[in-house]
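Sequence lines set the chain letters: A, B, ... in the order given, protein chains first and strands last, and positions in each chain run from 1.
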2 protein chains.
Amino acid sequence: MSDHRDTDGALDAIRSSGGRITETKRSVIEILAAANEHLSAEAVTAVVHQTTPGVAPSTVYRILEELVRLKLVEHSHAGRGPVTYHLGTHDHGHLVCQECGLITEAEPELFETLTSLGLSRHGFVVDAHHFAVLGTCVSCASRLSR
Amino acid sequence: MSDHRDTDGALDAIRSSGGRITETKRSVIEILAAANEHLSAEAVTAVVHQTTPGVAPSTVYRILEELVRLKLVEHSHAGRGPVTYHLGTHDHGHLVCQECGLITEAEPELFETLTSLGLSRHGFVVDAHHFAVLGTCVSCASRLSR
DNA sequence: ATGTTTGCAAATTGTTTGCAGGCGG
DNA sequence: CCGCCTGCAAACAATTTGCAAACAT
């Protein structure tokens, strides 16, 4: 598990950007490192509260924003619902099911044509991890067609 | 101009679905038919107010929702900012610039790989007009690189 | 008539901000 | 101790909802 490397690297990055290390920041980073899913700010806050009730939601938002600024964390917009956060470790996009909300990670290849044609035809630089590809997941698709 | 065909078709669809035709509904449809851009609910409300002040925003939301249900109108989520609506006439996706908010329409081809690999690898049915592809437009990209 | 629509106001959801005190380096 | 950080409360943006009156058919 590379949780420690991720966590320590993040702490260093915060320090060297002039930021300070607090218990809550450490928590947030650990929570994101431990989560295999994409968490909303509210979800992160809930987990923080398990060990430290009383932390303000606004603080969590501010910490997440700081981490995004430092490019340690990525946030992606999922059509309906809150923004989700995750450590920006590997390159991937997101497939979000409109029916059940399931988020599936998508390999970079899926975005190749979109990225290259976006650039060549429109001069548009696509940021594939920042947005959600909306649609219907396998199980919902089969459930709906029955 | 096919505004009339679009408008009349929409009115028929509303009638045959059991809905009633009101001045405000007619307005909303005409506004969308006349607009070449993608409008937010707030923007539609503002235009409606030019001729009929006093129409409640909630009414416009309800009308837009009805039109979406009848598949006469499509709405797309643009990362940050409100949802935008447009007549669902031709097939296209949306490239939304994170810097300036510019919305560029994208040809279906850009989504071919995403759609086919999404399906073959994840069984995920991509709905290409429903979400925004976030990134940076030509002018913002060149401005930022300078 | 009768069931759809609307205006109004209040509630929701997700997030941001202002401020005064607290704490990390 | 200096300045980043935090909690709290209030502000915000974009919608959504509950209701009784108004209107389309």
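Summary for the helix from dA1(C)-dT25(D) to dT13(C)-dA13(D): the axes at its two ends, each from 5 pairs, differ by 30° when rounded to the nearest 10 degrees.
Contact annotation for E65(B): no contact, since no heavy-atom pair falls under 4.0 Å across all strands.
Here H122(B) pairs with nothing under the ring-ring contact (aromatic ring centres under 6.0 Å, His included) rule; sequence neighbours left out. Under the ring-ring contact (aromatic ring centres under 6.0 Å, His included) criterion, H92(A) pairs with H38(A), H86(A), H90(A), H94(A), not counting sequence neighbours. Scored by the ring-ring contact (aromatic ring centres under 6.0 Å, His included) test, H129(B) finds no partners at all (sequence neighbours excluded). For R26(B), the side-chain contact (heavy atoms from CB on, under 4.5 Å) partners two or more places apart in sequence, or in a different chain, are L11(B), I21(B), E23(B), E30(B). Residues satisfying the side chain to side chain donor-acceptor pair (under 3.5 Å) criterion with E99(A), sequence neighbours excluded, are absent altogether.
Of all nucleotides in DNA chain C having an atom under 4.0 Å from a heavy atom of chain B, the first and last in 5' to 3' order are dG3(C) to dT16(C).
Few gaps surround CZ on R15(B); more than 12 heavy atoms of other groups in view lie less than 6.0 Å from it.
Both R80(A) and R80(B) lie close to DNA chain D; mapped to their nearest nucleotides by heavy-atom distance, the more 5′-ward contact belongs to R80(B).
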List the atom pairs, donor and acceptor, that lie under 3.5 Å between side-chain atoms in residues 57-64 of chain B and the rest of the protein, sequence neighbours left out.
residue : atom : partner : partner atom : Å
S58(B)  : OG   : R62(B)  : NH2          : 3.3

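Under the ring-ring contact (aromatic ring centres under 6.0 Å, His included) criterion, no residue pair touches residues 12-33 of chain A, with sequence neighbours excluded. Pairs of residues two or more places apart, or lying in two chains, that qualify as salt bridge (charged side-chain N to carboxylate O under 4.0 Å, His left out) and include a residue from residues 112-140 of chain B are E107(A)-R121(B), E109(A)-R121(B).
Proximity of a side-chain donor or acceptor of S17(A) to a complementary backbone N or O of I14(A) within less than 3.5 Å is detected.
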Go through it in stages, so that I can follow the logic: the residues are V133(A) and L114(B), the test is side-chain contact (heavy atoms from CB on, under 4.5 Å), and I'd like the CA-CA distance, side-chain angles, deciding distance and then a yes or no.
CA-CA 9 Å; V133(A) 173; L114(B) 178 58; 4.0 Å; yes
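Residues H77(B) and H130(B) bring their aromatic ring centres within 6.0 Å.
Listed by residue number, the members of residues 37-63 of chain A with any heavy atom below 4.0 angstrom from DNA chain D are G54(A), V55(A), A56(A), S58(A), T59(A), R62(A), I63(A). Of the residues in residues 12-25 of chain B, those with a non-hydrogen atom less than 4.0 angstrom from any atom of DNA chain D are R20(B), I21(B).
Residues S142(B) and S145(B) come closest through the heavy atom pair O-OG, 3.1 Å.
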